[in-house]
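Structure first, commentary second.
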Amino acid sequence: MSPSPSSPPTGWRRWFYRAPLGLYRRGLGGMLGSGFVLLTHRGRVTGEPRQAVLEIVEREPTGALTVVAGFGPRTNWYLNVQAHPEVTTQVGKDERPARATVLGPDDAAERMVALAASRPRTARRIARSVGVPVPTGDGPMGSDQGWRAVGEQTLFVRFDPR
């Protein structure tokens with residue numbers, strides 16, 4: 001039986017998760033620092049522009065950004081970028097066209113191991129959000145094998161600048 005991710009937030013939690021979008025829309029996205037990206041993408045059905053603010057889990061020297069679909073495969077922005085991978089990313093005031101790529105399980109597993117080593121709190125939060133037990137054993141953060149298993153069940157998406 002595969003784990004079930006957390007349900008998307010409703011009520012006040014939904015407002016809380018969407019509050020950073022309001023900051024970006026008012027030109028105040030820089031207040032969030034460089035750990036978040038405003039993703040502008042197209043709706044898979046309507047083709048209309050949609051936006052979401054996502055936490056960056058990895059930043060590559062090429063300018064590529066990697067995020068996680070923490071609410072699983074039914075997350076709207078995730079479904080939309082699969083249908084229309086040409087997107088725009090904005091970190092602070094730096095806006096760039098990009099192409100979204102969903103990473104395969106092997107690449108996701110390696111990224112999760114690296115994330116657990118460099119940002120353990122973020123790795124634990126991601127594991128909980130995707131519905132996978134946090135690995136234990138072999139040190140304070142669990143074994144690499146355990147984190148690979150978490151990564152294989154986590155939806156990582158990379159945005160490569162065009």
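By convention here, the first residue in the shown sequence is residue 1.
Between Q51 and R25, the side chains place a donor N or O and an acceptor N or O closer than 3.5 Å (distance only, hydrogens not considered).
No donor-acceptor pair closer than 3.5 Å links the side chain of R119 to the backbone N or O of L115. No donor-acceptor pair under 3.5 Å is formed between the side chain of D160 and the backbone N or O of A64. With Y24 contributing its side chain and L39 its backbone, the two residues share no donor-acceptor pair below 3.5 Å. Without hydrogens or angle criteria, T46 side chain to G43 main chain gives no donor-acceptor distance under 3.5 Å.
Scored by the salt bridge (Lys or Arg N to Asp or Glu O under 4.0 Å) test, R59 finds no partners at all (sequence neighbours excluded). A search for side chain to side chain contact (heavy atoms under 4.5 Å, CB included) contacts involving D94 returns R96, not counting sequence neighbours.
Under a hydrophobic clustering in which Ile, Leu, Val, Met, Phe, Trp and Tyr are joined whenever their side-chain heavy atoms come within less than 4.5 Å, directly or via other members, V53 and V87 fall into different clusters. Taken together through direct or relayed side-chain contacts under 4.5 Å among Ile, Leu, Val, Met, Phe, Trp and Tyr, V91 and F156 form parts of separate hydrophobic clusters. Under a hydrophobic clustering in which Ile, Leu, Val, Met, Phe, Trp and Tyr are joined whenever their side-chain heavy atoms come within less than 4.5 Å, directly or via other members, V150 and V134 fall into the same cluster. V113 and V130 end up in the same hydrophobic cluster when Ile, Leu, Val, Met, Phe, Trp and Tyr side chains are linked at under 4.5 Å. Side-chain heavy atoms closer than 4.5 Å link hydrophobic residues (I, L, V, M, F, W, Y) into clusters, and following such links, even through other members, never connects L21 to V37.
Among all heavy-atom pairs drawn from G72 and L155, the shortest one is C-CD1, 3.6 Å. Contact between A69 and T75 at its shortest, heavy atoms only, is CB-OG1, 4.4 Å. Nearest heavy-atom pair across M112 and A123 is SD-CB, 4.3 Å. Heavy atoms only, all atoms of each residue included: A108 and G151 are closest at CB-O, 3.3 Å. Taking each heavy atom of K93 and Q90 in turn, the nearest pair found is CA-NE2, 4.0 Å. The two residues A100 and V157 have their closest heavy-atom pair at CB-CG1, 4.1 Å.
With rounding to the nearest 0.5 Å, the separation of CG in N76 from CZ in R50 is 9.0 Å. Rounding to the nearest 0.5 Å places CD1 of I126 at 11.5 Å from CZ of R124. The line from OG1 of T89 to CD of E95 is 8.0 Å long, rounded to the nearest 0.5 Å. Considering OG of S118 and CD of E58, their distance stands at 8.0 Å, rounded to 0.5 Å. Distance check, rounded to the nearest 0.5 Å: CD of E48 to CZ of R42 gives 10.0 Å. Residue I56 holds its CD1 atom at 4.5 Å from CG of L65, rounded to the nearest 0.5 Å.
Here the side chains of R125 and E55 are in contact, with some heavy-atom distance below 4.5 Å. Looking at heavy atoms from C-beta onward, T88 lies out of side-chain contact with H41 at the 4.5 angstrom threshold. Contact check for R158 versus R111: side-chain heavy atoms found under the 4.5 Å cut-off. Side-chain contact check for V102 versus Q82: some heavy-atom pair is nearer than 4.5 Å.
Looking at E110 and R148, a side-chain N of the basic residue comes within less than 4.0 Å of a carboxylate O on the acidic one, giving a salt bridge.
Surrounding CD of Q145 are at most 12 heavy atoms belonging to other residues, nucleotides or ligands under 6.0 Å away. For CZ of R162, the number of neighbouring non-hydrogen atoms (other residues, nucleotides, ligands) closer than 6.0 Å is greater than 12.
Results of the side-chain contact (heavy atoms from CB on, under 4.5 Å) test with V67 over F159, Y78, F36 single out F159 as the only residue that passes.
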